[in-house]
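So the structure is just underneath, and the comments pick up after that.
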Amino acid sequence: MRWGNLLLAGDAAHTVPPTGAKGLNLALQDVRVLAEVLGDWAAGDPGALQAYSTRSLDRVWKAQHFSFWMTSMLHNNPDASDFDRLRTLGELRMLVESEHGRAWLAEAYTGWPNG
């Protein structure tokens, strides 16, 4: 998220497939964190710029993983084995039919417990 003195946000820093609908959410959070970090740097904290990547990367990797998972679960892969197709159907069924699955999906999608 940082390259020397260049601080990146949004799609310039990370791309996610649109299936997970996380791109705008990530970009807005990037800008919020970046504003805080720049404020700290302007107030005299020389290490503040490094904090941007540290504060952001865990959130970004989680969102990228979620988006990849949603894409691979919701789109047919012509090279998928019978096992892979059945596993995907099982995951979808678990999400739809179980309270735990629905709660997990809501939290993973929104980033907030219980949707």
Side-chain angles (χ1 to χ4, degrees):
M1 309 252 325
R2 178 179 177 200
W3 183 262
N5 291 329
L6 179 65
L7 299 165
L8 303 172
D11 286 350
H14 45 72
T15 56
V16 292
T19 311
K22 292 289 194 176
L24 181 60
N25 294 344
L26 282 174
L28 291 174
Q29 287 182 316
D30 290 347
V31 171
R32 182 187 56 79
V33 171
L34 188 53
E36 291 173 10
V37 166
L38 287 172
D40 292 344
W41 176 77
D45 180 358
L49 298 183
Q50 183 57 38
Y52 176 55
S53 291
T54 303
R55 288 178 57 185
S56 299
L57 284 176
D58 186 50
R59 169 181 50 82
V60 169
W61 282 118
K62 285 178 183 176
Q64 286 182 327
H65 178 266
F66 176 79
S67 293
F68 172 79
W69 174 75
M70 285 291 285
T71 300
S72 56
M73 187 175 60
L74 297 175
H75 293 278
N76 289 327
N77 177 355
D79 298 326
S81 67
D82 289 340
F83 174 80
D84 291 331
R85 283 188 283 279
L86 290 172
R87 182 188 47 77
T88 298
L89 287 173
E91 286 183 20
L92 285 168
R93 190 171 292 116
M94 183 270 304
L95 290 173
V96 171
E97 295 176 358
S98 84
E99 182 63 33
H100 174 74
R102 289 189 299 273
W104 177 87
L105 182 61
E107 184 173 343
Y109 183 74
T110 64
W112 293 94
N114 301 318

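For reference, positions follow the sequence shown, starting with 1. What you see is a predicted model, and the numbers here were worked out from it, not measured in a lab. The figures that follow rest on heavy atoms only: side chains count, while hydrogens, waters and symmetry mates do not.
- Sequence neighbours left out, not one pair with a member in residues 3-44 passes ring-ring contact (aromatic ring centres under 6.0 Å, His included).
- No path of Ile, Leu, Val, Met, Phe, Trp and Tyr side chains, each step under 4.5 Å between heavy atoms, connects L89 with L95, placing them in separate hydrophobic clusters.
- Interatomic distance, CG of D58 versus OG of S53, reported as 13.0 Å (0.5 Å rounding).
- Proximity of a side-chain donor or acceptor of E91 to a complementary backbone N or O of M73 within less than 3.5 Å is not detected.
- With sequence neighbours left out, W61 forms a ring pair (Phe, Tyr, Trp, His ring centres under 6.0 Å) with no residue at all.
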Worksheet item: Are D84 and D79 close enough, and set up right, to give a side chain to side chain contact (heavy atoms under 4.5 Å, CB included), and what steps lead you there?
Response: CA-CA 9 Å; D84 291 331; D79 298 326; over 6 Å; no
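- Listed by chain and number, the residues in a side chain to side chain contact (heavy atoms under 4.5 Å, CB included) with N76 amount to none (sequence neighbours excluded).
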Discussion item. The test is side chain to side chain contact (heavy atoms under 4.5 Å, CB included); show your working for L7 and M1 and say whether it passes.
Written reply: CA-CA 6 Å; L7 299 165; M1 309 252 325; over 6 Å; no
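- Residues meeting the side chain to side chain contact (heavy atoms under 4.5 Å, CB included) test with R102, sequence neighbours left out: E99.
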For residues 45-52, dump all side-chain donor-acceptor pairs below 3.5 Å to protein atoms at least two apart in sequence or in another chain.
residue	atom	partner	partner atom	Å
D45	OD1	G47	N	3.1
Q50	OE1	R2	NH1	3.3
Y52	OH	L8	O	2.5

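- Pairs of residues two or more places apart, or lying in two chains, that qualify as ring-ring contact (aromatic ring centres under 6.0 Å, His included) and include a residue from residues 80-104 are W69-W104.
- In the hydrophobic clustering, where aliphatic and aromatic side chains (Ile, Leu, Val, Met, Phe, Trp, Tyr) are joined below 4.5 Å either directly or transitively, L28 groups with L24.
- With rounding to the nearest 0.5 angstrom, the CG atom of L26 is 9.0 Å from the CG atom of D11.
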Fill in: Pair K62-F66, side chain to side chain contact (heavy atoms under 4.5 Å, CB included): steps then yes or no
CA-CA 6 Å; K62 285 178 183 176; F66 176 79; over 6 Å; no
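- When all heavy atoms are compared, the tightest approach of S67 to V16 is OG-CB, 3.9 Å.
- L86 pairs by the side chain to side chain contact (heavy atoms under 4.5 Å, CB included) definition with nothing, not counting sequence neighbours.
- The side chain to side chain donor-acceptor pair (under 3.5 Å) check on R93 picks up nothing, with sequence neighbours excluded.
- By the criterion of side-chain heavy atoms lying less than 4.5 angstrom apart, applied directly or through intervening Ile, Leu, Val, Met, Phe, Trp or Tyr residues, L105 is grouped together with M94 in one hydrophobic cluster.
- Under the side chain to side chain donor-acceptor pair (under 3.5 Å) criterion, D82 pairs with R85, sequence neighbours left out.
- The salt bridge (charged side-chain N to carboxylate O under 4.0 Å, His left out) contacts involving residues 20-31 comprise D30-R59, where partners must be two or more places apart or lie in separate chains.
- Through ILVMFWY side-chain contacts below 4.5 Å, V96 is grouped with nothing and stands alone.
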